[in-house]
Number of protein chains: 2
Amino acid sequence: MAKEKRVLLKDVADAVGVSTTLVSIVLNGKAKQYRIADEMVEKVIKAAMEMNYSPNLIARNLRGGKTQLIGLIVTDISNPFYSAIARIVENRANELGYTVVFSSSDEDLDNTKRLIDVLMNKGVDGLIVVPCDGSEDLIKSIHENNTPLVLIDRNFPETDISFSCLNNFRATELTTRHLIEQGYENIALVGYKTGMNHILDRIRGYEETMQAAGLGKYIQVKKVNLMNTKVEMNNVLDVLVNRRKVEAVIFLTNMLAVTGLYCLKDMQVRIPEDIAMVGFNRNDVFNLYPSTITHIRQPLELIATQAVNILVDKINHSELEIKSMSFSEPQLIVGASTPKKE
Amino acid sequence: MAKEKRVLLKDVADAVGVSTTLVSIVLNGKAKQYRIADEMVEKVIKAAMEMNYSPNLIARNLRGGKTQLIGLIVTDISNPFYSAIARIVENRANELGYTVVFSSSDEDLDNTKRLIDVLMNKGVDGLIVVPCDGSEDLIKSIHENNTPLVLIDRNFPETDISFSCLNNFRATELTTRHLIEQGYENIALVGYKTGMNHILDRIRGYEETMQAAGLGKYIQVKKVNLMNTKVEMNNVLDVLVNRRKVEAVIFLTNMLAVTGLYCLKDMQVRIPEDIAMVGFNRNDVFNLYPSTITHIRQPLELIATQAVNILVDKINHSELEIKSMSFSEPQLIVGASTPKKE
DNA sequence: GTATTTAGCTAAAACGATAAAGCAAAAATA
DNA sequence: TATTTTTGCTTTATCGTTTTAGCTAAATAC
């Protein structure tokens, strides 16, 4: 019932009959360096174990140490793509002795700014961030302030900020080449409105592959607005399907692909009879759809693990200012939504 | 490049030419109580604003024993159900000035124990926990230690630990009644092996409703093991579909429903022609499946918001030991998977 | 005119840890 | 034997706040 009083360094010190400093030294493994007697080291460790002592991290951090806390800012933790990343980040961080604090920016610059402020105030040792559109200056200022920082999923190529993300160009290159090999020519692409590099790279991968295959005249890049996706997607697909007589559509994110599926269902457009399609990232829908959906698989495990590795490395060697760049290779999972054309 | 020095209380105090105490008092809104002159209050506030002062939470926390950190332990943050909850917890916590630290227990007791230890070490002010099977004693000991604690999604009815969860009995009562009204009689249920109350309540809801409708002889409760779901589900569905000639199946969780869909697809069993089914929680799959799937919707927003409210209330009134119980009402979303029997 | 109250502020302690500097006793060296 | 070095530990300062107790001068009471 009564709140058990936490065991403090002082309690251990009193129990052994020494100073708190000595206990601190021993428990931090600096006994050798401070030439503490071996028997004393044993006694202290034994007492600390028996009393179940664990340091107050707040006090330790105030003193100038570290919190062993990592801040993770994604756009939306309820988005399965980011929650999958969060899970891996959590696992890897735990392995390395860190705990993860998370926040969702909702793709909003002001939110991102506020969240970074809050997290830094909590004393996080470093940040893993999915940067939103327009956040380059903000992120740069954080980086220049020497806060350990790693971008994930998206990056700013013009800066020297470390990142771990997909080789986005390769993703659509693979996809487009697959469709061309299957015999499609009139291939369109649906992305969303943003200046962020990951989407631009995916668009480039499509455009350059189309161009190289001599299909330049078919290049069609449609961009919907993230705020009003459903309605805009309807319009876009109406144009592509009914007016442009497109043979195949590539969706640039999971959410776009799923929204696309909803719209196509409403329009009673059949896949792949009426149109072929390619999605992005894993989703049960892709496997359970009457014809399974061809999609790009990101090596999430690798991307997220690398992000943590890079960050912890930065935390431990804050004096070094190295830009670590990790591009992970995409994989194309071929389903029934992109059959060979006769 | 150089790390900007943070503005401290002392900096503001020096700028105004007063003590740090005075600045602290003013900025914490206790000027009246300490009879600080009105002009002085103005001067201090102005200076603090201009210098863009914000308090070091770590120092404040060390002094006050509070971190404004909430720990959230779910079974798996990458499970869309829990990440949706996490998102709402995050939002509500932010509104109340808290930040969320999360961890995944993987339904494992030792993990749960370890995670709680770590989070309490980080100094979280309170915990929101999805308890796993067998964790009752552990959770009780945390509660008895006066750590503010709220269970979410699942609860221990025999204890006086607060919780926020679905009215699970009502969920399957609604579902079963709906199926019966649609003309089904041979209705089976698929859950998983656990002693946890939420699943047991769902099973009771089904059993009692069947019994009350005079369909007791059709009651069939199948339990799969969480470790080997796919294989066991195959066996279970084989028995139900081929041997028992079941007319409808109720799946007790989202994961079970989706796994069920995979198996039924493999078995080439059509929904609803060959069998009717009901799922649990929202999932794009349910809407995009050729025949939309009838399912139970949990008011996640309410459940998660309530959990945070209850927790913060406990944090702020730790002297009171009230058991808060929040049961939220389920909603049945009727799809094409449970048509009226002719 | 002295004693008491009140207004308006500050000094110092505390939170719990760590790091730097210091100090006494034992051991090694001259 | 006197001096230096080493050993093994302690004392003190510090991180940035908040809180408690206190202090001075002006206002009020007697």
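Owing to the predicted nature of the structure, the values given are computational and were not obtained by experimental measurement. Note on naming: letters A, B, ... go to the chains in the order of the sequence lines (proteins, then strands), and numbering restarts at 1 for each one.
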Inset, instruction - Indicate for each nucleotide in nucleotides 5-17 of chain D, in 5' to 3' sequence, whether protein heavy atoms under 4.0 Å reach the base (B), only the sugar-phosphate (S), or nothing (-). - result: --BBBBBBBBBBB

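The minimum heavy-atom distance between A:L57 and B:N121, with the atom names listed, is CD1-O, 3.4 Å. In plain terms, the two heavy atoms of A:A84 and B:S78 that are nearest each other are CA-CB, 3.8 Å. Scanning all heavy atoms of the two residues, the minimum distance from B:C165 to B:R154 falls at CB-N, 4.1 Å.
Rounded to an integer number of Å, the gap from A:L27 CG to C:dT18 P is 8 Å. One atom, NZ of B:K66, and another, C1' of D:dT18, lie 14 Å apart when rounded to the nearest Å.
Comparing the end axes of the helix from C:dG1-D:dC30 to C:dA30-D:dT1, each fitted to five base pairs by superposing C1' atoms of four pairs onto the next four, gives an inter-axis angle of 70° (nearest 10 degrees).
Nucleic acid contact for B:K30: sugar-phosphate only, since backbone atoms but no base atoms lie under 4.0 Å from a heavy atom of the residue.
Side-chain atoms of B:Y82 and B:D153, non-hydrogen and from C-beta on, do get closer than 4.5 Å to each other. Looking at A:I116 and A:L138, their side chains come closer than 4.5 Å, going by heavy atoms from C-beta outward.
When each of A:N61, A:D125, A:T99 is checked for a side chain to side chain donor-acceptor pair (under 3.5 Å) with A:T67, only A:D125 meets the rule.
Residues satisfying the salt bridge (charged side-chain N to carboxylate O under 4.0 Å, His left out) criterion with B:K10, sequence neighbours excluded, are B:D14.
No hydrogens or angles considered: a donor-acceptor pair under 3.5 Å links the side chains of B:E90 and A:S104.
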